[in-house]
Amino acid sequence: MSIDNPAVTETKPTKTKDEKVDWIAEIRGLALMLLAVFAFHSFIAKPFYIPSESMLPNLLVGDRLVVSKYPYGWNWSSVSFHLAPRGDWRLAGSTPEYGDIVIPVHPERDEDYIKRVVALPGDTIAVRNGQIVLNGERIPQQVEPARDLPIDANSDCLGFGDPAFFATAPLGEEVCRVPVLRETMPNGANYLVIDHTRSALDNFAEMKIPEGHVFVMGDNRDHSSDSRELNSSRGLLGPVPLENIGGRAEFITFSLDGTTSLNPVTWFTSLRDDRAWTTLRPAIAQGNTE
């Protein structure tokens, strides 16, 4: 007796024309991705590039930073690319602390600056011979050993106008050796500043900071256009409204010496040593917890 096994036949899929790309879905996906990036940059954090020497010795030209958007709440200047219209509104707003490095937007141009907060709403501030006088008290400045800054394609040391700053480091490389002072604010926040010569901005008449404003200065005091510039649009024209502050600088991600090119090798050789992950929050002196 035999059992017939039915023949197994393999059904081959019928060839059909290639399906068309759903361009609407592709564009929608790309738009959602860009919107997510835009939202993150506007409300959480964004990268920032240092283009000038106004914050030496703490920030070098070529440093790349992370700026957080939420520490002082949100406002028109929080929105990336300055797409939001200017206004005086703030959402969950708070006030910076002494010593914070912030990103103020110029009052007349959509241009980001980076400066340090040295006076808060209601304070009185003056500058006398380069020293801040806050609420009638001189802010302490302690002389510290000179600091060696790199000389490279991004930092040539010529901006100080003093050939005495050119020096040779122990390993033989040429450096820019700058005199520094450690400035300590009332809350204990302390950081290095450079004040190497007498300049017009070394003296500033006393003024009271209006409510909802802060006074900011660059750490490179003789080479910074900041709140001390009341009559020149290169500076910030006085105290900065809090709604013009777009965030707080947190840390350095990496730093380039200016020799980066299309050659992939230079993407690594142009990296400066010992800059990555450096915090930009000021140190707090012991015994000060304000």
Side-chain angles (χ1 to χ4, degrees), residues 22-55 59-97 100-117 120-121 154 209-218 224-230 232-256 260 279-281:
D22 187 345
W23 287 109
I24 294 178
E26 294 292 331
I27 292 172
R28 182 171 59 245
L30 178 60
L32 289 174
M33 182 185 69
L34 293 176
L35 182 61
V37 171
F38 177 78
F40 186 88
H41 277 211
S42 297
F43 300 108
I44 306 299
K46 74 168 186 176
F48 192 86
Y49 164 73
I50 300 299
S52 76
E53 298 182 336
S54 69
M55 288 295 288
L59 288 171
L60 305 178
V61 176
D63 283 350
R64 268 67 172 180
L65 323 176
V66 166
V67 171
S68 59
K69 292 300 189 76
Y70 50 84
Y72 316 126
W74 296 273
N75 52 66
W76 73 268
S77 62
S78 304
V79 180
S80 290
F81 312 113
H82 302 299
L83 295 180
R86 291 179 180 244
D88 59 3
W89 59 272
R90 299 176 70 212
L91 179 64
S94 62
T95 303
E97 299 178 0
D100 284 357
I101 298 178
V102 299
I103 311 298
V105 182
H106 193 276
E108 299 175 345
R109 304 185 300 271
D110 288 339
E111 182 179 347
D112 290 333
Y113 283 49
I114 182 163
K115 304 296 175 186
R116 193 180 296 275
V117 174
L120 302 179
N154 271 339
I209 309 304
E211 288 301 318
H213 292 67
V214 291
F215 198 92
V216 298
M217 293 169 62
S224 173
S225 298
D226 46 45
S227 288
R228 295 172 294 174
E229 292 270 15
L230 298 178
S232 173
S233 61
R234 68 180 182 181
L236 290 167
L237 302 175
V240 177
L242 292 177
E243 61 267 21
N244 285 21
I245 293 180
R248 182 179 72 193
E250 299 292 350
F251 58 89
I252 298 171
T253 52
F254 63 96
S255 184
L256 299 175
T260 311
T279 181
L280 298 175
R281 304 288 289 130

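Note that the numbering runs from 1 along the sequence shown for the chain.
In terms of heavy-atom proximity, Ile209 sits nearest to Pro239 at CD1-CG, 4.1 Å. Between Arg109 and Ser233 the shortest heavy-atom distance is NH1-O, 3.0 Å. In plain terms, the two heavy atoms of Val102 and Ile245 that are nearest each other are CB-CG2, 3.9 Å. Of all non-hydrogen atoms in Tyr72 and Arg248, the two that sit nearest each other are OH-CD, 3.1 Å. Between Gly238 and Leu230 the shortest heavy-atom distance is CA-CD2, 3.5 Å. The two residues Leu91 and Trp89 have their closest heavy-atom pair at N-CE3, 4.3 Å.
Within a 6.0 Å radius of CG in Asp110, more than 12 heavy atoms belonging to other residues, nucleotides or ligands are found.
Separation of atoms NE2 (His106) and CZ (Arg234) is listed at 11.0 Å; rounding is to 0.5 Å. Between the CG atom of Asn154 and the CD1 atom of Ile50 there is a distance of 11.5 Å, given to the nearest 0.5 Å. Of the inter-residue distances, the one linking Leu237 atom CG with Glu229 atom CD reads 8.5 Å to the nearest 0.5 angstrom. Note that NZ of Lys46 is 13.0 Å distant from CZ of Phe40, once rounded to the nearest 0.5 Å. Once rounded to the nearest 0.5 Å, the distance linking CD1 of Ile101 with CZ of Arg116 reads 4.0 Å. To the nearest 0.5 Å, the span separating CG on Asp112 from CZ on Phe48 amounts to 5.5 Å.
With hydrogens and angles ignored, the 3.5 Å screen pairs no side-chain donor or acceptor of Asn244 with any backbone N or O of Pro241. The closest donor-acceptor contact from the side chain of Ser224 to the backbone of Met55 lies at 3.5 Å or more, if one exists at all. Remark: the backbone N or O of Gly62 is paired with a side-chain donor or acceptor of Arg64 at under 3.5 angstrom. In this structure, the side chain of Ser77 engages the main chain of Glu243 through a donor-acceptor pair within 3.5 Å. Side-chain N or O atoms of Ser78 include none that pairs as donor or acceptor with a backbone N or O of Phe43 at under 3.5 Å. Side-chain atoms of His213 come within 3.5 Å of backbone N or O of Glu211 as a donor-acceptor pair.
A heavy-atom distance below 4.5 Å is found between the side chains of Pro121 and Val214. Side-chain contact between Ser225 and Leu236: absent, with no pair of heavy atoms (C-beta onward) separated by less than 4.5 Å. Within the 4.5 Å cutoff, no side-chain heavy atoms of Leu242 are placed close to those of Asn75. Looking at heavy atoms from C-beta onward, Leu59 lies in side-chain contact with Leu280 at the 4.5 angstrom threshold. Here the side chains of His41 and Pro47 are in contact, with some heavy-atom distance below 4.5 Å. Here the side chains of Asp100 and Arg281 are in contact, with some heavy-atom distance below 4.5 Å. Counting heavy atoms from C-beta outward, Phe215 and Arg228 have side chains that approach closer than 4.5 Å.
Evaluation of the side chain to side chain contact (heavy atoms under 4.5 Å, CB included) rule for Phe38 yields Ser42, Val79, Ser80, Phe81, Leu83 as partners, not counting sequence neighbours.
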Pairs under 3.5 angstrom only: tabulate donor-acceptor contacts from the side chains of residues 25-34 to other protein residues two or more places apart or in another chain.
none

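Of the options Asp226, Val216, Val117, Val105, a side chain to side chain contact (heavy atoms under 4.5 Å, CB included) to Val240 is made by Val216 and by none of the others.
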- Derivation of the side-chain contact (heavy atoms from CB on, under 4.5 Å) call for Val61 and Tyr49: CA-CA 8 Å; Val61 176; Tyr49 164 73; 4.2 Å; yes
